[in-house]
Amino acid sequence: MAKGFSLEIKHVDKNSKARYGILHTNHGDVEVPMFMPVGTLATVKTLSPEELKQCGAGVILANTYHLSLRPGEDIVNEAGGLHKFMNYPGPILTDSGGFQVFSLADNRQITEEGVTFKNHLNGAKLFISPERAIEIEEKLGADIAMSFDECCPYPVTHEYMKNSVDRTLRWAKRGKIAHTKEDQALFGIVQGGEFKDLREYCAKELVKMDFDGYSIGGTSIGEPKDVMYKMVGYAVSYLPEDKPRYLMGVGSVDEILDGIEKGVDMFDCVLPTRIARHGALMTSKGRVNIRDKKYERDFTPLDDECDCYCCKNYTKAYLRHLYKCDEIFGKRLLSIHNIRFLIHMMEEAREAIKEDSFVEFKRNFLNKFNDERGF
RNA sequence: GCGGUUGUGGUGAAGUGGUUAACACAUCUGGCUGUGAACCAGACACUCGUCAGUUCGAUUCUGAUCAACCGCC
């Protein structure tokens, strides 16, 4: 177990598997379940650390692959690590780059040793192995590092997935051996696609290796929602109670609430920040596209139930105006809102869990959220 | 007053004697899930200044007319 890192489960909902707890890290304690904003290039796009704090953010993400390309992990290391480099005092988690190899690399060749591919910036050949990923992550110095995994597309055959899972397990083991930074937690990633036996197998094998936490990977890659819900259920059921569970890359309101109900503690997703930059907002009454003409003369807040800086001070008409003029302040305000919306939802979810009313909370939240339009 | 040039959607414009008038921007509507993304997809000219002529058929050719711009007196 990494020094200074532990999960303290305070309460489990009596009517579901939802759990409330405190995650202790070397950069502060954070409550779970939680939503973690994504800051791939050592910045949550458009937001300052102060604004993230105002939104109630705890852990934020950064990315191994991207930061190793620019500015390079050695520079971050020289700067004193990610926290100092980007002036973020809270806990940071780095993704390993496994997903990026899957989602944006050209010409990737997967071998037992690792993955060779052309990077997305200039097409230069790159090689990432489990050991190399750990080397980068240790230099970046986040509180939580992820294992280097293989993320398969959807769908693949059982046979293909079995081979992939076995490789991911061998890579997890190699990464664990290579990992020596004592004050950095390391998570294993459960793969296995939609196959129950493979999710079970992968989870159980990872647990034997005794990671500081476990992620569920290979979701939100184009599979139907009901398939994703099953994948999460399969994986979570074989994970230990006393370790954090992290559903990677999720997501939307309904998926997060489903994950919490199944016992997931941590979520991350680019969705709130990306769609905010494109004018789409999550509100208590559902989705709002701020670019729509109907908001031209709407002088009410985006979400009258939201306590964020944007909703407290600005109107839809103004936000639409900023969006139409492509003003960066608009993207910032909308990003603040979406981040705050999800974090606020998590705060309410935690309160509901403490009162054993999570199932009811989820039902009410979704009913209201889908009232106007689904998401 | 005379001579010339140009008139295509909200804008900048391409183009052709023959069933759907290129493209871009703007506008409108969707989408975005471990962020190569101020991105992607779709919609948008009852019609090519107006009137007449030639033609089986004209936005495309001809004439007149109107308008804008440029020269000259």
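All chains are named by letter (A, B, ...) in the order of the sequence lines, taking the proteins before the strands, and each is independently numbered beginning at 1.
- Connectivity analysis of hydrophobic side chains (ILVMFWY, heavy atoms under 4.5 Å, direct or indirect) links F102(A) to F99(A), Y154(A), I221(A), V227(A), M231(A).
- Taking the ring-ring contact (aromatic ring centres under 6.0 Å, His included) definition, one finds that H120(A) meets it with Y65(A), H66(A), sequence neighbours left out.
- The residue N122(A) sits apart from the nucleic acid: no heavy atom pair falls under 4.0 Å.
- Spacing between atom CZ of R320(A) and atom P of U27(B) amounts to 8 Å, rounded to whole angstrom units.
- If you take atom C1' in A52(B) and the same atom in C69(B), they sit 26 Å apart, rounded to whole Å.
- For the C1' atom pair drawn from G31(B) and A13(B), the interatomic distance equals 30 Å after rounding to whole Å.
- Spacing between G15(B) and U60(B) at atom C1', rounded to whole Å, works out to 9 Å.
- Looking at the side chain of S252(A), the nearest of the listed nucleotides C28(B), G34(B), U33(B) is U33(B).
- Listed candidates were C32(B), U33(B), G30(B). Nearest to the side chain of I275(A) is C32(B).
- Aromatic rings from F329(A) and Y314(A) are positioned such that their centres are separated by under 6.0 Å.
- Distance noted for atom C1' between U16(B) and C48(B): 11 Å (whole Å).
- Within the 4.0 angstrom heavy-atom criterion, only backbone atoms of the sugar-phosphate kind lie near S103(A); the bases stay farther away.
- To the nearest angstrom, P of G34(B) lies 5 Å from CZ of F99(A).
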Taking N or O atoms only and anything under 3.5 Å, show me the protein contacts with nucleotides 38-41 of chain B, one pair per line.
unit_1 : atom_1 : unit_2  : atom_2 : d
A38(B) : OP2    : R277(A) : NH1    : 3.4
A38(B) : O2'    : D326(A) : OD1    : 3.3
A38(B) : N3     : D326(A) : OD2    : 2.9

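- Regarding R274(A), its CZ atom lies at a distance of 15 Å from the P atom of G31(B), rounded to whole Å.
- For Y318(A) and F299(A), the gap between ring centers reaches or exceeds 6.0 Å.
- A straight line from CE of M228(A) to C1' of U33(B) spans 9 Å, rounded to a whole angstrom.
- No continuous path of ILVMFWY side-chain contacts below 4.5 Å connects L140(A) to I144(A), so the two sit in separate hydrophobic clusters.
- A stem is defined here as three or more consecutive Watson-Crick or G-U pairs, each with both distances under 3.5 Å; for RNA chain B these stems are B:1-7 with B:66-72, B:10-12 with B:23-25, B:27-31 with B:39-43, B:49-53 with B:61-65.
- Among G31(B), U33(B), G34(B), the nucleotide with an atom closest to any side-chain atom of L61(A) is G34(B).
- Distances shorter than 4.0 Å separate some side-chain N or O of N289(A) from OP1 or OP2 on G30(B).
- In this structure, the NZ atom of K294(A) is 13 Å from the C1' atom of C28(B), given to the nearest Å.
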Side-chain donor/acceptor pairs under 3.5 Å, residues 187-198 of chain A, sequence neighbours excluded:
unit_1  : atom_1 : unit_2  : atom_2 : d
Q191(A) : OE1    : G218(A) : N      : 3.4
Q191(A) : NE2    : D149(A) : OD2    : 2.7
D197(A) : OD1    : H158(A) : NE2    : 3.3
D197(A) : OD2    : H158(A) : NE2    : 2.8

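- Looking at residues two or more places apart in sequence or on another chain, you find a side chain to side chain contact (heavy atoms under 4.5 Å, CB included) between E351(A) and K354(A).
- Contacts of G330(A) with the nucleic acid, taken as non-hydrogen atoms under 4.0 Å apart, are absent.
- Separation of the P atoms belonging to A45(B) and U54(B) is 32 Å when rounded to the nearest angstrom.
- Residues in residues 26-58 of chain A take part in these ring pair (Phe, Tyr, Trp, His ring centres under 6.0 Å) pairs, two or more places apart or across chains: H27(A)-H83(A).
- One interatomic measurement links the two molecules: NZ of K324(A) to C1' of U27(B), which rounds to 7 Å at whole-angstrom precision.
- The ring pair (Phe, Tyr, Trp, His ring centres under 6.0 Å) contacts involving residues 210-247 of chain A comprise nothing, where partners must be two or more places apart or lie in separate chains.
- Nucleotides A64(B) and U5(B), compared at atom P, are 13 Å apart to the nearest Å.
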Determine, step by step, whether T94(A) and E137(A) satisfy the side chain to side chain donor-acceptor pair (under 3.5 Å) criterion, reporting the C-alpha distance in whole Å, the side-chain angles of both residues, the deciding distance to 0.1 Å, and the verdict. CA-CA 7 Å; T94(A) 43; E137(A) 294 194 271; 2.9 Å; yes

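- Taking a 4.0 Å limit (strictly below) on heavy-atom distances, residues 162-201 of chain A reaches RNA chain B at I189(A), Q191(A).
- With hydrogens and angles ignored, no donor-acceptor pair under 3.5 angstrom links the side chain of D292(A) to the base of G30(B).
- Here the separation of U6(B) from U29(B), taken at their C1' atoms, is 37 Å to the nearest Å.
- Through side-chain heavy atoms spaced under 4.5 Å, either directly or across other Ile, Leu, Val, Met, Phe, Trp or Tyr residues, F127(A) is tied to no other residue.
- Protein atom CE of M146(A) is 14 Å distant from nucleotide atom P of G34(B), rounded to whole Å.
- Applying the salt bridge (charged side-chain N to carboxylate O under 4.0 Å, His left out) rule to D326(A) yields the partners K331(A); only residues at least two apart in sequence or on another chain are considered.
- Among the heavy atoms of the strands, none lies under 4.0 Å from N119(A).
- Within the 4.0 Å cut-off from OP1 or OP2 of G30(B), not a single side-chain nitrogen or oxygen of R287(A) is found.
- Taking hydrophobic clusters as Ile, Leu, Val, Met, Phe, Trp and Tyr residues chained together by side-chain heavy-atom distances below 4.5 Å, I216(A) shares a cluster with I260(A).
- With distances taken from any side-chain atom of D268(A) to the nucleotides U33(B), G34(B), C28(B), the minimum falls on G34(B).
- One interatomic measurement links the two molecules: CD1 of I290(A) to C1' of C32(B), which rounds to 17 Å at whole-angstrom precision.
- Scored by the side-chain hydrogen bond (donor to acceptor under 3.5 Å, both in side chains) test, K243(A) finds D210(A) as partners (sequence neighbours excluded).
- Residue whose closest nucleotide on RNA chain B sits further toward the 5' end, between R70(A) and G279(A): G279(A).
- Remark: the separation of the C1' atoms in C46(B) and A21(B) is 14 Å, to the nearest Å.
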